[in-house]
Enquirer: 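Structure below; questions to follow.
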Amino acid sequence: VIHGGRIIDGTGAPWYWGDLAVKDGKIAAIGRIAPSEGRRAIDATGQVVTPGFIDMMGQTAAPFIQDAGSAFNLLSQGITTINAGEGASDAPLSDEAARTRGWQTMRQFFTRLEQAGMPINMVQTVGHTQIRRIVIGDVDRQATQPELDRMRGMVREAMEAGAIGVSTSLIYPPAIYASEQEIAELTKVAGDYGGRYFTHMRNEGDQLLEAIEEALRIGQAAGTPVHIYHLKTAGQANWGKMDLALARIRAARASGQHVAVDVYPYINNGLGIRALIHPRHAAEGQAALLKKLDDPAVQAEIRREMESLGGWENWYAHAGRDWDRIIVSRMNLPAYEAYNGQSLAAIARAVNKDPWTVFFELAKSNAAAMPQSMSEANKIKAMQEEFTSFDTDAGPAAAGHSTHPRGHGAFPRVIARYVRELGALSLESAIQKMTAVAANQVMAYDRGRLAPGLAAGIVVFNPDPIRDR
């Protein structure tokens, strides 16, 4: 019995005092329940009692197989369920990867997770990038009919194993080379099983509105609902597009098309640092790109494109072409490890090198970049929509390196910054987006709300001191 708390049930209704009984993993009753009626009593006086939070883009569950403790950064935020996969997914795997990992198909992956024991719940999309890389590789070309048939078969296996849909990440090679038709054909297979289309869209800045239209067309062609990951308007020149983006989504919903979005509560996004390079340089694959990065002429061409070329998702431009507004993390080069979490400009000053020299050296490693590309006003506009939920865009934390703070603080920040400090959301509305709205998007209809008979994913916390740190 959880007694004496303020219940926020996930529906958006105002909080109320009440007690809650749990039996056999489900909510047995809500009302006035004496602590003595339960085998265990939890005193929630001064706390709120809510459904467990759902991370709409939690990347991966694979670390749980080796270390259940890798979920700590999620559980400490109140997250009890993640939606795993964003173009990449932990299955299917190539023959070579399967020999190393110990599974190949989605069904085999789910079996390994269940055998290991899960610290939190998960749902899984099958990644378009994952499949394309296995069948076609990293190169810039279109799928042949036999290749498309093979990719369809991989989606079919994943859906039959229990995946909830297809996910894309269309700003990164090799997914960026895929046609709209290719993605729609694979998503149709997911639709045959009641699945959905989840997308990191092809553009989040200069061509944001066009990218939304593409996502909607794919959903229409495939006959599936559409979910847009981490909606944003990147680059100050594009900040005025948020009203139009939200209006287009509202219009699609009003016409009967099921479309929704999620956001994370930070104005710095996060991506691999090589994503700052024009994707044409990766047309022959990442290995070929790494070799080309040693060529001064190629470096000069890349710099020219980043400084002046339009018509592509230019994250350097979105950050105002200012290295002080691009934070770098996940640096494993000995010369730079001590500077994780600092701006690229600050790192360049510390090591007495030109920022472009530092950039190209880091681009040869697996470093991550966090450009300051968004506005807080647009964050508020997006999160106030009824169809918006929240994500970390991080999943289980990687130990030993500075990572984007959203991986540890996204959900606390919503409460601290946007509920308590700015009043942009009521606590009830924020909880609804973290729970019921998200649960509906991942088709977890047995959770996301506090009601008798539903799964007892429950969080008890004091909302007053909570914040990201």
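Computed over heavy atoms, backbone and side chain alike; hydrogens, waters and symmetry mates excluded.
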Enquirer: Going from CD1 on I136 to CZ on R141, what distance comes out if it is rounded to the nearest 0.5 angstrom?
Expert: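 Going from the CD1 atom of I136 to the CZ atom of R141 covers 5.5 Å.
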
Enquirer: So which of R413, M56, M374 actually passes side-chain contact (heavy atoms from CB on, under 4.5 Å) with Y264?
Expert: M374

Enquirer: Using a strict 4.0 Å threshold on nitrogen-to-oxygen distance, state whether R202 and E180 make a salt bridge.
Expert: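 Between E180 and R202 there is no salt bridge, as every charged N stays at least 4.0 Å from the carboxylate O atoms.
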
Enquirer: Can you tell me how far the CG atom of D138 sits from the CZ atom of R133, to the nearest 0.5 Å?
Expert: 4.5 Å

Enquirer: Counting only heavy atoms not in F72 (residues, nucleotides, ligands), do more than 12 fall under 6.0 Å from its CZ?
Expert: no

Enquirer: Looking only at the side chains, is there a donor atom on one of Y266 and R406 sitting less than 3.5 Å from an acceptor on the other?
Expert: no

Enquirer: With a 6.0 Å cut-off (strictly less than), is the heavy-atom count around CD of Q181, excluding the residue itself, greater than 12?
Expert: no

Enquirer: Quick one: pull up CD1 in I82 and CD in Q59 and give me the separation to the nearest 0.5 Å.
Expert: 9.0 Å

Enquirer: Do L93 and Q108 have side chains that approach each other closer than 4.5 Å (heavy atoms only, starting at C-beta)?
Expert: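 No, too far: nothing below the 4.5 Å cut-off.
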
Enquirer: At what distance, to the nearest 0.5 angstrom, does CG of D90 lie from CZ of F110?
Expert: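 D90 atom CG to F110 atom CZ measures 9.5 Å (nearest 0.5 Å).
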
Enquirer: Give a yes or no answer on whether the side chain of Q47 reaches the backbone of N462 with a donor-acceptor pair at less than 3.5 Å.
Expert: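 Yes, the answer is positive, given that a donor and an acceptor are paired below the 3.5 Å cut-off.
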
Enquirer: With sequence neighbours excluded, give me every side-chain hydrogen bond (donor to acceptor under 3.5 Å, both in side chains) pair touching residues 10-39.
Expert: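 Pairs touching residues 10-39 that pass the test: D9-T11.
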
Enquirer: F53 ring centre to K433 NZ or CZ under 6.0 Å, with the angle to the axis within 45°?
Expert: no

Enquirer: Could you tell me whether the side chain of N366 reaches within less than 4.5 Å of the side chain of R330, counting heavy atoms only?
Expert: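 Of all side-chain heavy-atom pairs linking N366 with R330, at least one is under 4.5 Å.
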
Enquirer: Once the angle between the rings of F109 and W103 is folded into 0 to 90°, is it parallel (under 30°), tilted (30 to 60°) or perpendicular (over 60°)?
Expert: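 Correct class here is tilted.
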
Enquirer: Under 3.5 Å, is there a donor-acceptor pair between the side chain of S167 and the main chain of G87?
Expert: yes

Enquirer: Just by distance, do the side chain of E428 and the backbone of G12 share a donor-acceptor pair under 3.5 Å?
Expert: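 No: the side chain of E428 does not pair with the backbone of G12.
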
Enquirer: Hey, what do you get for CG (L271) to CH2 (W315), rounding to the nearest 0.5 Å?
Expert: 6.5 Å

Enquirer: What residues form a ring-ring contact (aromatic ring centres under 6.0 Å, His included) with F198, not counting sequence neighbours?
Expert: H227

Enquirer: For E185 and K188, run salt bridge (Lys or Arg N to Asp or Glu O under 4.0 Å): C-alpha distance rounded to whole Å, both residues' side-chain angles, the deciding distance at 0.1 Å, then the answer.
Expert: CA-CA 5 Å; E185 287 298 315; K188 283 180 184 177; 3.1 Å; yes

Enquirer: Return the CD to CG distance between E313 and L170, rounded to the nearest 0.5 Å.
Expert: 11.0 Å

Enquirer: Hey, are Y336 and Q342 close enough side-chain-wise for a donor-acceptor pair under 3.5 Å?
Expert: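 Looking only at side-chain atoms, Y336 and Q342 do not form any donor-acceptor pair under 3.5 Å.
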
Enquirer: Does some side-chain heavy atom of S389 sit less than 4.5 Å from a side-chain heavy atom of I54?
Expert: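 No, too far: nothing below the 4.5 Å cut-off.
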
Enquirer: Hey, are E147 and T144 close enough side-chain-wise for a donor-acceptor pair under 3.5 Å?
Expert: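 A pair is found: one side chain offers a donor N or O, the other an acceptor, under 3.5 Å apart.
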
Enquirer: Taking atom CD of Q257 as the centre, report whether more than 12 heavy atoms of other residues, nucleotides or ligands fall under 6.0 Å from it.
Expert: yes

Enquirer: Take T435 and R449 through the test side-chain contact (heavy atoms from CB on, under 4.5 Å) and record every step on the way to the result.
Expert: CA-CA 7 Å; T435 58; R449 291 157 290 273; over 6 Å; no

Enquirer: Below 4.5 Å, heavy atoms only, C-beta onward: do I326 and L276 meet side chain to side chain?
Expert: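 A side-chain contact under 4.5 Å exists here.
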
Enquirer: Does either side chain, that of N332 or that of E337, offer a donor lying less than 3.5 Å from an acceptor on the other one?
Expert: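 Looking only at side-chain atoms, E337 and N332 do not form any donor-acceptor pair under 3.5 Å.
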
